[in-house]
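Here is the structure we will look at.
In what follows, chains carry the letters A, B, and so on, assigned in the order in which the sequence lines appear, proteins first and then strands, with residues in each chain numbered from 1.
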2 protein chains.
Amino acid sequence: MAPLPALITRENFKSFLESFDTVLTDCDGVLWHEDRLIGQAHVTLNTLQALGKKVFFVTNNSTKSRDDYVEKCGRLGFKATKEDILSSAYVLAQYLKQQGFQKKVYVMGMGGIVKELQAEGIQSTGGEPEVYDGGSLSTLMDKMKLDPDVGAVACGFDPYLSYLKVMRAASYLERPGCLFLATNTDERFPVASKGLVYPGTGCVVRCVETVAERPATVMGKPSTKMFSVIQEKNSLDPKRTLMIGDRCNTDILFGKNCGLQTLVVLSGVTTQADLEKWAASDDPEQHALLADYCLTQLDDLLAFLDPKQEQC
Amino acid sequence: MAPLPALITRENFKSFLESFDTVLTDCDGVLWHEDRLIGQAHVTLNTLQALGKKVFFVTNNSTKSRDDYVEKCGRLGFKATKEDILSSAYVLAQYLKQQGFQKKVYVMGMGGIVKELQAEGIQSTGGEPEVYDGGSLSTLMDKMKLDPDVGAVACGFDPYLSYLKVMRAASYLERPGCLFLATNTDERFPVASKGLVYPGTGCVVRCVETVAERPATVMGKPSTKMFSVIQEKNSLDPKRTLMIGDRCNTDILFGKNCGLQTLVVLSGVTTQADLEKWAASDDPEQHALLADYCLTQLDDLLAFLDPKQEQC
């Protein structure tokens, strides 16, 4: 048994608001679902910024670059500069830079990773479709040419997932010293419609890990690497930082791993039933998924915040 | 520490030969690599059959039906009838039949599974390419039609692995009561050339399991289901049955799980260095991978067997 996250009410709101200077917020499932705002999330964050809170947008999504995120934030009514955006693709490029990586990266993923690598002057290959079109696998292997300069494999969200790309990634990973990085291991996206499930990056990563017979180094939440990258450029007090997220095994665990305060919103992956199940359990790993605070969705805060502040 | 598998020598050969009546042999990596015989494996098995040993061909490979295997065995010089072949695809169909399954199966895999299901009168869908060709994922989801009759997902080896197929499989697996079966979880095929790694069925299964957030029921080795299916039609004494394989975490573990004698050949996945590492370890899970006997390759037995017996 463990306590459920505290609901934010008129009674505890003031002490809650005064307890943090910095907000790290997840994006998909908290602020938006794909291109659709979740309620008045933008007004809520703009108000917090007007009150002097520093806001960072922290996302495991690797499909977009930070420039793409600045554009998306602006389009949906959020106020964000490039320095306010932390994506797993950006952290991946920073990690390789810190390692003094000089070779080429094979990317199983989309433009976000490729662009962030380019921004750090790191060469990449892959990032485009490679589809099995029948024929014997030994013939395919005869035709496949590996790039001799590849020294790292980076897995992100890749809707072009294919057998040949997995073969290529696993083959590079046989090379001594080849780095194996993943942007995140999210199982699925917080979207469901008509009974369809939308697979996340985790399926690409687990697929390659299985063949490579070795684990990837994960850049995104719940790994603390993202917080280290923010910490390197800003000096934040973890105790006065609030992490907001909808997925407890990434967002909330990340917050706890970094010693932050945590707020779960139920507008994405996690449900009230999940929270109750974890609270009722005897398993400390399930208790670790329980945030300090809980809201149905982010703009519930507007009942207590004065949106006029937004104009300041 | 645990003892290494015993080498078969002129001294222990007679007692070894007299200790079993039945042979279960893995195929890829023991008898052949794709379409290439491993040494004189056919002469070895034919000689054992001539000496009165009953031989079953037991394979996790799900790409072919039992009829296809009879044809392949004949072409490569082995003597096998349909009843002598146990493939994971066949066991999968038998399992569904035992469960009284009446719905349709979504197949991520090749013809072997589809043909074995047909032979049991079980309907299936899937089994053909479904490739992401760009565009937004929400548009894709709008276009994707799920089959209302699907009540099971079967994962096998699938070179047409794609994001859309994983989405489809995971979506069916959200349905209450939907069965989730896998032919096997082999990580890679025992073939390597020019630094290329050849991904096995395991990568398809782990990929779907990750998104579905539930484990598949595995039909192939090391699960004992394959032995149950042979036992149902033949009465075998496990203690007088020899399992031959090249992959210890499937073949040898299967043999041990079923109480059989075990022989590892080093013509496929397992190396002498693996055996030494497992023997030196303190981990009982690694000791479980150590077979009773070891040979470099199967036809080493011909030094002790009289191939003239084959003519009998």
Side-chain angles (χ1 to χ4, degrees), chain A residues 33-36 63 129 131-138 140-146 148 157-175 185-189 191-213 249, chain B residues 33-36 63 129 131-138 140-146 148 157-175 185-189 191-213 249:
Chain A
H33 285 303
E34 206 154 332
D35 271 323
R36 200 163 36 80
T63 61
V131 178
Y132 172 66
D133 57 0
S136 96
L137 287 166
S138 49
L140 273 174
M141 289 174 88
D142 285 342
K143 279 196 292 189
M144 184 175 279
K145 297 276 172 281
L146 294 181
F157 178 69
D158 190 358
Y160 291 105
L161 172 67
S162 73
Y163 186 81
L164 296 186
K165 292 180 86 167
V166 177
M167 178 186 274
R168 197 177 275 284
S171 301
Y172 287 130
L173 288 166
E174 285 289 280
R175 295 181 176 172
T185 55
D186 296 9
E187 294 86 2
R188 44 171 83 184
F189 282 81
V191 184
S193 72
K194 301 186 301 171
L196 285 168
V197 171
Y198 194 156
T201 305
C203 76
V204 179
V205 179
R206 298 299 178 220
C207 183
V208 177
E209 284 182 335
T210 302
V211 187
E213 299 179 328
N249 67 349
Chain B
H33 286 303
E34 207 152 332
D35 271 322
R36 198 164 36 80
T63 60
V131 178
Y132 172 66
D133 58 359
S136 96
L137 287 166
S138 50
L140 272 175
M141 289 175 84
D142 285 342
K143 281 196 291 189
M144 184 175 278
K145 299 277 173 279
L146 293 181
F157 178 70
D158 189 359
Y160 291 104
L161 171 69
S162 73
Y163 186 82
L164 296 186
K165 292 180 86 167
V166 177
M167 178 186 273
R168 197 176 275 284
S171 301
Y172 287 129
L173 288 167
E174 286 289 281
R175 296 181 175 170
T185 56
D186 296 9
E187 294 86 1
R188 44 171 84 183
F189 282 81
V191 185
S193 71
K194 300 184 303 171
L196 286 168
V197 171
Y198 193 156
T201 305
C203 76
V204 178
V205 179
R206 298 300 177 217
C207 183
V208 176
E209 284 182 336
T210 301
V211 186
E213 298 179 329
N249 67 348

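With a 4.5 angstrom heavy-atom cutoff, A/D133 touches chain B only via backbone atoms. Contacts between B/A212 and chain A at a heavy-atom distance below 4.5 Å involve the backbone alone (N, CA, C, O). Using a 4.5 Å cut-off between heavy atoms, B/P129 makes no contact with chain A at all. With a 4.5 Å cut-off on non-hydrogen atoms, B/V131 touches chain A through its side chain but not through its backbone.
For B/R168 (side chain) and B/K145 (main-chain N/O), a donor-acceptor pair under 3.5 Å exists by modelled atom type. Checked by atom type and distance alone, the side chain of A/S171 pairs as donor or acceptor with a backbone atom of B/V197 at under 3.5 Å.
No other option in B/D35, B/L146, B/T185 has as many heavy-atom pairs under 4.5 Å with chain A as B/L146. For the set A/A169, A/S162, A/G200, the entry with the most heavy-atom pairs within less than 4.5 Å of chain B is A/S162. Here A/D142 is the residue among A/V204, A/D186, A/D142, A/L164 with the most heavy-atom pairs under 4.5 Å with chain B.
Tested against A/V166 for a side chain to side chain contact (heavy atoms under 4.5 Å, CB included), the candidates B/P159, B/C207, B/P199 yield a single pass: B/P199.
Residues B/M167 and A/Y198 come closest through the heavy atom pair CE-CA, 4.3 Å.
Using a 4.0 Å cut-off between charged nitrogen and carboxylate oxygen, B/R188 and A/E174 count as a salt-bridge pair.
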task = Go through A/E187 and B/V211 one step at a time and tell me if the side-chain contact (heavy atoms from CB on, under 4.5 Å) criterion holds.
result = CA-CA 5 Å; A/E187 294 86 2; B/V211 186; 5.8 Å; no

